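What's counted below: heavy atoms across the whole structure, side chains too, no hydrogens, waters or symmetry copies. Quick caveat: nothing in here was measured; it's all calculated off a predicted structure. Below, chains carry the letters A, B, ... as their sequence lines are ordered, and counting in each starts from 1.
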2 protein chains.
Amino acid sequence: MLLSKSCVYGLRASLYLAGHQSENYIPIRQMSDKLEISFHFLTKILQQLTSAGILESYKGPNGGVRLIRSGEDVTLMEVVLAIDGDYMLTQCALGLPGCGVMKPCPIHEKWAETRDKIRDMLESTTLTELAKKGKDLDLRITAEGGFEDL
Amino acid sequence: MLLSKSCVYGLRASLYLAGHQSENYIPIRQMSDKLEISFHFLTKILQQLTSAGILESYKGPNGGVRLIRSGEDVTLMEVVLAIDGDYMLTQCALGLPGCGVMKPCPIHEKWAETRDKIRDMLESTTLTELAKKGKDLDLRITAEGGFEDL
DNA sequence: AGGTTTTAAGACTCTTTAATCTTAATATAA
DNA sequence: TTATATTAAGATTAAAGAGTCTTAAAACCT
Ligand code: SF4
Ligand code: SF4
């Protein structure tokens with residue numbers, strides 16, 4: 001799979017937060033319920049996003065987690081990098097050790113092109129953009145329901 | 001990772017075979033040595049390609065494995081499908097259960113575009129094409145060496 | 001102060017993928 | 001026919017990824 005499951009969860013949670021443009025912290029429990037993701041697992045993933053400087057967290061009652069910057073300024077790429085690292089964008093098709101332009105494998109040329117498409121997509125798409133689209137069209141964010149159920 | 005390790009090994013072995021346009025069977029041991037892949041593991045992967053109708057095998061002395069059709073007629077897609085299935089091309093970014101155009105997630109539109117690029121690349125690239133390029137430019141196929149060492 | 005709500009951190013378990021090891025089956029050749 | 005070379009198949013082990021559980025720390029509230 002292109003993105004690890006952790007990363008997908010991280011993206012969905014980030015979209016959730018971007019869909020709640022509130023100054024309040026959102027409890028992880030609420031997100032894990034709505035998004036149907038294991039609470040403890042999600043907690044760990046959000047910790048990664050917190051230490052990556054994408055989220056900030058607060059303990060205790062009325063605590064939770066929220067985006068530091070506005071969702072308009074956060075690209076999918078940032079979230080992916082924080083969770084999966086740049087493996088996908090540097091390693092690739094044949095994944096030979098230390099490969100690259102210097103001594104490429106035969107797929108390199110074609111693959112690099114494809115890979116750049118993925119990078120461009122991740123870099124040019126923001127959380128807010130997707131959350132807005134999700135709300136306007138009531139698109140899916142959970143297994144069953146859409147943004148309206150959030 | 002986009003492709004599983006098994007799949008990458010399968011691709012490299014297929015390229016190896018395409019680079020040896022010989023009517024003889026090539027022993028798996030020879031390939032596993034040259035490509036630095038565990039013999040038994042590679043054997044299993046090639047069995048998948050054999051039962052998928054991409055390779056044919058022969059036992060005993062002078063036995064081994066070879067492409068059924070010419071490498072010109074075999075696309076990367078065939079190899080990928082035989083080993084990893086179509087998961088990568090149907091599932092994707094958020095990977096919600098049963099997702100798709102009917103009730104898409106907010107990334108769907110952008111992702112589908114990217115995904116088609118990957119599909120096109122895999123479908124339009126043949127083993128022979130890459131093997132030829134690999135030979136002409138002595139590109140990498142193993143960790144250390146290039147096609148010349150095959 | 002003491003109890004409650006929440007995130008943080010780490011140990012632990014389960015599942016999947018990767019890799020190894022053993023035995024069987026098939027073909028060749030001397 | 002016996003020894004050897006090779007793929008086929010299945011059991012086993014190892015490593016990584018995913019998920020759960022427990023305890024700690026921080027913040028709030030009465
Ligand atoms: S040479 Fe390029 S395409 Fe090939 S494995 Fe390395 S980065 Fe990927
Ligand atoms: S809706 Fe489309 S982009 Fe979203 S997870 Fe499903 S297939 Fe992927």
Distance, rounded to the nearest Å, where [X] contributes [atom1] and [N] contributes [atom2]:
X	N	atom1	atom2	value
M31(A)	dT6(C)	CE	P	12 Å
L42(A)	dA18(D)	CG	C1'	13 Å
L46(A)	dA8(C)	CG	P	9 Å
N24(B)	dT28(C)	CG	C1'	15 Å
I28(B)	dA5(D)	CD1	C1'	12 Å
I45(A)	dG10(C)	CD1	C1'	16 Å
N62(B)	dT6(D)	CG	P	7 Å
Q47(A)	dA8(C)	CD	P	5 Å

Which is more 5' along DNA chain D, the nucleotide nearest F41(A) or the one nearest I26(B)? Just name the residue.
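The answer here is I26(B).
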Please confirm whether the shortest side-chain N or O distance from [X] to OP1 or OP2 of [N] is below 4.0 Å.
X	N	result
S57(A)	dA8(C)	yes
Y25(B)	dA27(C)	no
Y58(A)	dC28(D)	yes
S4(B)	dT17(C)	no
S6(B)	dA18(C)	yes
Y9(B)	dA19(C)	yes

Test item: L67(B) and L127(B) side chains (from C-beta on) under 4.5 Å apart, heavy atoms
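Side chain of L67(B) against side chain of L127(B), heavy atoms only: contact under 4.5 Å found.
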Side-chain contact, heavy-atom cut-off 4.5 Å: Y9(B) with K44(B)?
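No, too far: nothing below the 4.5 Å cut-off.
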Out of [options], whichever nucleotide has its closest atom nearest the side chain of [X]:
X	options	result
K44(A)	dA11(C), dA19(C), dT6(D)	dA11(C)
K59(B)	dA19(C), dA8(C), dA25(C)	dA25(C)
K5(B)	dA27(C), dA19(C), dT20(D)	dA19(C)
T50(A)	dA8(D), dT4(C), dA8(C)	dA8(C)
P27(B)	dA18(C), dT7(D), dT7(C)	dT7(D)
H40(B)	dA27(D), dT20(D), dA9(D)	dA9(D)

Does the pair [X]/[Y] count as a salt bridge with the N-to-O cut at 4.0 Å?
X	Y	answer
E78(B)	R69(B)	yes
K117(B)	D120(B)	no
D33(A)	R29(A)	no

Would you say CD of E109(B) has more than 12 non-hydrogen atoms from neighbouring residues, nucleotides or ligands within 6.0 angstrom?
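For E109(B), atom CD is not crowded (no more than 12 foreign heavy atoms under 6.0 Å).
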Which residue lies more 5' along DNA chain C, comparing P61(B) with P61(A) via nearest heavy atoms:
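Its nearest nucleotide being more 5', the pick is P61(A).
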